[in-house]
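We use all heavy atoms of the structure for the numbers below, so side chains are in, but hydrogens, waters and symmetry mates are not. In listed order, ligands and their atoms are each counted from 1. The structure displayed is predicted, hence computed values, not measured ones.
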Amino acid sequence: MNIVDAKVIVTCPGRNFVTLKLTTEDGISGVGDATLNGRELAVASYLRDHVCPLLVGRAADQIEDTWQYLYRGGYWRRGPVTMTAIGAVDVALWDIKAKVAGLPLYQLLGGRSRVGVTVYGHANGGSIPELLEEVARYLDAGYRAVRVQCGIPGIDSTYGVSGDKLFYEPAHGARPAETTWSSERYLRFIPKVFDAVRVKHGFDFHMLHDVHHRLTPIEAARLGKSVEEYALFWLEDPIAEELQEGFRIIRRHTTTPLAVGEVFNSIWDCHLLIAEQLIDYIRTNATHAGGVTHVRRIFQLADLHHVRTGSHGATDLSPVSLAASLHIDLSVPNFGIQEYMRHSALTDEVFPHAYRFEDGYLHPGEVPGLGVDIDEQLAARFPYNTAYLPVIRLVDGAMHDW
Ligand code: KDG
Ligand code: MG
């Protein structure tokens with residue numbers, strides 16, 4: 001059963017998404033998410049110009065061989081653009097294989113290991129009182145885990161805090177927005193945020209927080225140590241992550257659990273973090289880290305070293321990506337938690353899907369394959385719209401990690 005068509009669909013139903021759709025000679029199609037926020041067209045071109053011509057005529061059922069062909073065969077390995085492109089092909093092929101089998105994908109990955117996929121929602125507020133109200137909203141809606149992000153006095157814009165409480169969308173405009181950052185102010189204020197949340201809402205739910213790569217290892221160590229009493233489920237991306245050895249410093253000083261990996265694109269970005277048990281949760285996702293095939297390899301390595309999963313699930317990953325994560329989450333033994341930011345109603349219309357939220361869990365559904373499609377006619381009505389992620393500078397004007 002050969003692939004006869006490989007199509008790249010770029011659409012912007014409120015935000016940009018790139019989708020790869022593969023079709024076989026039997027008329028079965030599969031989809032993969034190829035969205036790389038702020039660099040979407042680079043992946044679209046990589047696929048259109050360099051990968052799609054190689055896929056037509058290949059056997060759709062040889063997933064591992066196709067992965068190796070694109071990874072080893074490209075000579076220039078790894079990197080977000082390459083691995084997102086390979087990931088889209090891989091996920092689309094798994095979608096096809098599961099449809100041919102007539103089974104939801106998780107059945108091909110070993111079957112169900114749990115009743116549902118525990119997800120965390122995103123509560124954010126410009127101030128502590130506003131955040132406390134948002135946390136209440138998530139708990140009332142049945143969430144068992146909530147990420148808390150709060151505005152920091154004296155800093156004009158903080159990661160994860162938005163005016164629109166339903167949808168957090170940091171990518172905007174023809175040039176990156178610029179704001180100012182102060183780690184000193186953040187470090188002074190953020191323990192008060194965790195304290196207020198625990199005082200108001202107690203300890204009977206998982207509380208998470210994303211630092212978004214902004215601290216140095218010793219600052220992160222101090223933060224982790226100073227907030228141990230609030231029992232965070234995890235402290236996410238405390239530092240820029242290129243230097244895996246940097247985590248040894250944090251680990252030496254605190255028992256606050258650490259989660260990293262949304263910007264990683266291969267096992268080589270995290271093998272030391274995992275093998276040395278420097279982290280507790282690995283957040284790689286099938287879209288940016290080479291598809292179901294490669295993410296499962298990372299998660300299996302993690303399982304050997306008591307590291308659990310926590311896949312990235314921001315809204316710049318399409319519903320195709322979320323569905324792929326859910327099938328993996330449901331089946332792997334070392335699942336930890338899944339990020340869940342709701343997509344807009346328009347995005348959900350462009351990507352009709354079978355997954356559903358109930359009682360704090362997401363369920364991928366029982367439809368054969370991923371259980372997600374793309375409405376190509378509707379998608380065509382929303383052309384690509386340039387949008388960059390923001391950048392930040394320190395008070396003295398120096399560039400910092402957003
Ligand atoms: O494109 C960047 C976003 O995916 C990222 O900023 C979201 O940090 C993020 C998260 O944890 O979802
Ligand atoms: Mg994050």
Side-chain angles (χ1 to χ4, degrees), residues 12 14-18 33-43 80-81 83-84 87 119-124 138 143 145-150 157-162 164 166-173 176-177 179 181 186 190 206-215 220 232-241 257-265 269-270 273 279-289 309-322 324-325 329 336-344 347 362 385-392 400-402:
C12 185
R15 71 149 4 270
N16 293 312
F17 294 110
V18 179
D33 180 25
T35 309
L36 187 62
N37 203 4
R39 297 291 186 272
E40 296 88 355
L41 299 184
V43 187
V81 174
M83 296 306 284
T84 301
V119 296
Y120 67 91
H122 282 205
N124 71 84
Y138 279 91
Y143 283 77
V146 184
R147 189 184 90 164
V148 300
Q149 306 293 136
C150 189
S157 157
T158 310
Y159 165 74
V161 179
S162 87
D164 184 335
L166 269 185
F167 308 108
Y168 176 65
E169 180 49 76
H172 292 288
T179 52
W181 173 252
Y186 167 79
I190 201 70
H206 297 315
M207 177 166 72
L208 300 81
H209 177 69
D210 190 351
V211 182
H212 219 258
H213 322 275
R214 295 184 179 189
L215 301 177
L232 287 181
F233 185 85
W234 78 36
L235 190 66
E236 177 180 330
D237 290 338
I239 58 172
E241 286 144 14
L258 302 174
V260 305
E262 67 183 45
V263 296
F264 292 163
N265 44 69
D269 296 326
C270 52
L273 286 174
I279 57 171
D280 301 279
Y281 297 91
I282 179 70
R283 301 194 64 250
T284 45
N285 164 286
T287 293
H288 295 146
T309 72
S311 290
H312 186 207
T315 35
D316 48 274
L317 296 153
S318 85
V320 175
S321 176
L322 181 58
S325 290
D329 295 339
I337 205 161
Q338 171 67 48
E339 181 177 19
Y340 179 41
M341 283 168 87
R342 293 150 298 194
H343 288 104
S344 69
T347 297
L362 273 175
N385 193 9
T386 306
Y388 283 96
L389 284 170
V391 297
I392 56 173
H400 195 61
D401 300 295
W402 179 73

- Message: Out of all atoms in ligand 1, which are within 4.0 Å of some heavy atom of A314? Include the element for each.
- Response: 4 (O), 7 (C), 12 (O)
- Query: CG of L258 to CG of L273: how many Å apart, nearest 0.5 Å?
  - Reply: 9.5 Å
- Message: Just to confirm my output: which protein heavy-atom neighbour is closest to atom 12 (O) of ligand 1, and how far is it?
- Response: E339 OE2, 2.4 Å
- Item | Heavy-atom pair with the smallest gap, counting every atom of N285 and S325 | ND2-OG, 3.3 Å
- Query: Looking at CZ of R147 and CG of L232, how far apart are the two atoms once the value is rounded to the nearest 0.5 Å?
  - Reply: 12.5 Å
- Task: Assign the ring pair H209 / Y186 to parallel, tilted or perpendicular, where the plane angle (0 to 90°) is split at 30° and 60°.
- Result: parallel
- Query: What residue and atom, counting heavy atoms only, is the protein's closest point to atom 6 (O) of ligand 1, and at what distance?
  - Reply: H212 NE2, 2.8 Å
- Could you tell me which N, O or S atom of E262 is nearest to the Mg ion (ligand 2)? OE1
- Message: Looking at the Mg ion (ligand 2), is there an N, O or S atom belonging to E339 that lies under 2.8 Å away from it?
- Response: no
- Which is closest to atom 11 (O) of ligand 1 in terms of heavy atoms, H122, E236, E169? E236
- Item | Part of R147 within contact of ligand 1 (heavy atoms, under 4.0 Å) | side chain
- Nearest to the Mg ion (ligand 2), which N, O or S atom of E236 do we find? OE2
- Are any of the N or O atoms of Y120 closer than 3.5 Å to those of ligand 1? no
- Item | Option from Y281, Y340, W234 for which ring pair (Phe, Tyr, Trp, His ring centres under 6.0 Å) with Y120 holds | W234
- ligand 1 atoms nearer than 4.0 angstrom to some heavy atom of W402 are 6 (O)
- Query: Where is the tightest heavy-atom contact between F264 and I282, given as atom of each residue plus distance?
  - Reply: CD1-CD1, 4.1 Å
- Decide yes or no on side-chain contact (heavy atoms from CB on, under 4.5 Å) for E241 and H213, but give the supporting numbers first. CA-CA 7 Å; E241 286 144 14; H213 322 275; 3.7 Å; yes
- Item | Proximity of L389 to ligand 1 by residue part, where a heavy atom lies under 4.0 Å | side chain
- Query: What do you reckon, are the aromatic ring centroids of Y388 and W402 less than 6.0 Å apart?
  - Reply: no
- Query: side-chain contact (heavy atoms from CB on, under 4.5 Å) between V81 and R39: does it pass, once the steps are laid out?
  - Reply: CA-CA 8 Å; V81 174; R39 297 291 186 272; 5.5 Å; no
- Query: Where is the nearest protein heavy atom to atom 8 (O) of ligand 1: which residue, which atom, and how far?
  - Reply: E262 OE2, 2.7 Å
- Item | Short N or O distance, H312 and ligand 1, threshold 3.5 Å exclusive | yes
- Starting from atom 1 (O) of ligand 1, find the nearest protein heavy-atom neighbour and note its residue, name and distance. N37 ND2, 2.9 Å
- Message: Between D237 and the Mg ion (ligand 2), is there a contact where an N/O/S atom of the residue lies under 2.8 Å from the metal?
- Response: no
- Let me see the working for D237 and D210 under side-chain contact (heavy atoms from CB on, under 4.5 Å), right down to the final yes or no. CA-CA 6 Å; D237 290 338; D210 190 351; 3.9 Å; yes
- Given R342 and T315, is the side-chain contact (heavy atoms from CB on, under 4.5 Å) satisfied, shown in steps? CA-CA 7 Å; R342 293 150 298 194; T315 35; 5.9 Å; no
- Query: Which of the numbered atoms in ligand 1 are below 4.0 angstrom from a heavy atom of D210?
  - Reply: 8 (O), 9 (C), 10 (C), 11 (O)
- Item | side-chain hydrogen bond (donor to acceptor under 3.5 Å, both in side chains) partner of R283, chosen from E236, Q338, H312 | E236
- Query: Among protein heavy atoms, which sits nearest to atom 4 (O) of ligand 1, and what does the distance come to when rounded to 0.1 Å?
  - Reply: D316 OD1, 2.8 Å
- Query: Which is the closest N/O/S atom of D210 when seen from the Mg ion (ligand 2)?
  - Reply: OD2
- Message: Give me the residue, atom name and distance of the protein heavy atom closest to atom 9 (C) of ligand 1.
- Response: Y159 OH, 2.9 Å
